[in-house]
Colleague: 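Sharing a structure, written as structure tokens. Questions coming.
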Amino acid sequence: MATPLGWSQGGSGSVCLAFDQLRDVIESQEELIHQLRNVMVLQDENFVSKEEFHAVEKKLVEERAAHAKTKALLAKEEEKLQFALGEVEVLSKQLEKEKLAFEKALSSIKSKVLQESGKKDQLITKCNEIESHIIKQEDILNGKDNEIKELQQVISQQKQIFRNHMSDCWIQKQQENYMAQVLDQKHKKASGTHQARSRRRLREK
């Protein structure tokens, strides 16, 4: 807003101070005029000289002119004061309006922050639940993995026992086959010897 002519940037406080000072000057001038009037009355009563009368009258005229000038200046300052007060009122209303708008925006932001905070807490709770579930599943899988390892170890032992058993069976089978061959050979040999003796006996007869 443009600054009025003769208006300082000091604000309404400076204007009020100047206004009070001008009012004091006017009161002093009025008191001086009153005193001069009394002097003129006393001079009239005491039959003052014409020169003294004219001097007092001139001084009275000058004081009246100064008084009128001061009153005009005071009126101007009053106008400035009223203008400043009007500006202050407008600015105060604008400030109040902006304050209400700011408080409304701040309240909206706080509400959004609270909502986002609630969503964040829900997500954290959900993530914690999922993490807990994953940990439980990992524990179960680790348990199953240990069971599988134990079963694999048992199966490996069983395979080794089976291999050993099959090896023993094979050895025993080989031994049995060997014994059967030996016995068969002995039997064949004994049978051949018996047949030869029988033929010899027949020939001797």
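The shown structure was predicted, so the numbers you read here are calculated from the model rather than taken from an experiment. Residue indices begin at 1 and follow the sequence shown.
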Colleague: Can you sort out the partners of Glu78 under side-chain contact (heavy atoms from CB on, under 4.5 Å), two or more places apart, ordered by chain and number?
Modeller: Phe19, Arg23, Leu74
Colleague: Just wondering, do Ile155 and Gln152 contact through their side chains at under 4.5 Å, heavy atoms?
Modeller: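 Not in contact.
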Colleague: The test is salt bridge (charged side-chain N to carboxylate O under 4.0 Å, His left out); show your working for Glu79 and Lys76 and say whether it passes.
Modeller: CA-CA 5 Å; Glu79 183 181 355; Lys76 189 175 182 180; over 6 Å; no
Colleague: Give every donor-acceptor pair under 3.5 Å between a side-chain atom in residues 64-72 and any protein atom, sequence neighbours left out.
Modeller:
unit_1 : atom_1 : unit_2 : atom_2 : d
Thr70  : OG1    : Gln29  : OE1    : 3.3
Thr70  : OG1    : Gln29  : NE2    : 3.2
Thr70  : OG1    : Ala66  : O      : 2.7

Colleague: Give the table of side-chain donor-acceptor pairs shorter than 3.5 Å for residues 94-106, with sequence neighbours excluded, one pair per line with atom names and distance.
Modeller:
unit_1 : atom_1 : unit_2 : atom_2 : d
Gln94  : NE2    : Glu98  : OE2    : 3.4

Colleague: I need the full list of salt bridge (charged side-chain N to carboxylate O under 4.0 Å, His left out) pairs touching residues 143-157, with sequence neighbours left out, sorted by first then second residue.
Modeller: Asp145-Lys149
Colleague: Among all residues two or more places apart in sequence or in another chain, which pass the side-chain hydrogen bond (donor to acceptor under 3.5 Å, both in side chains) test with Gln160?
Modeller: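 With sequence neighbours excluded, Gln160 shows a side-chain hydrogen bond (donor to acceptor under 3.5 Å, both in side chains) to Asn164, given in chain and number order.
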Colleague: Please report, to 0.1 Å, the donor-acceptor pairs under 3.5 Å made by any side chain of residues 108-136, with sequence neighbours excluded.
Modeller:
unit_1 : atom_1 : unit_2 : atom_2 : d
Thr125 : OG1    : Asp121 : O      : 2.9
Asn128 : ND2    : Ile124 : O      : 3.2

Colleague: Who passes salt bridge (Lys or Arg N to Asp or Glu O under 4.0 Å) against Lys173, sequence neighbours left out?
Modeller: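 Lys173 satisfies salt bridge (Lys or Arg N to Asp or Glu O under 4.0 Å) with no residue once adjacent residues are dropped.
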Colleague: The criterion is salt bridge (Lys or Arg N to Asp or Glu O under 4.0 Å); which residues satisfy it with Glu89, sequence neighbours excluded?
Modeller: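 Salt bridge (Lys or Arg N to Asp or Glu O under 4.0 Å) check on Glu89 returns Lys93.
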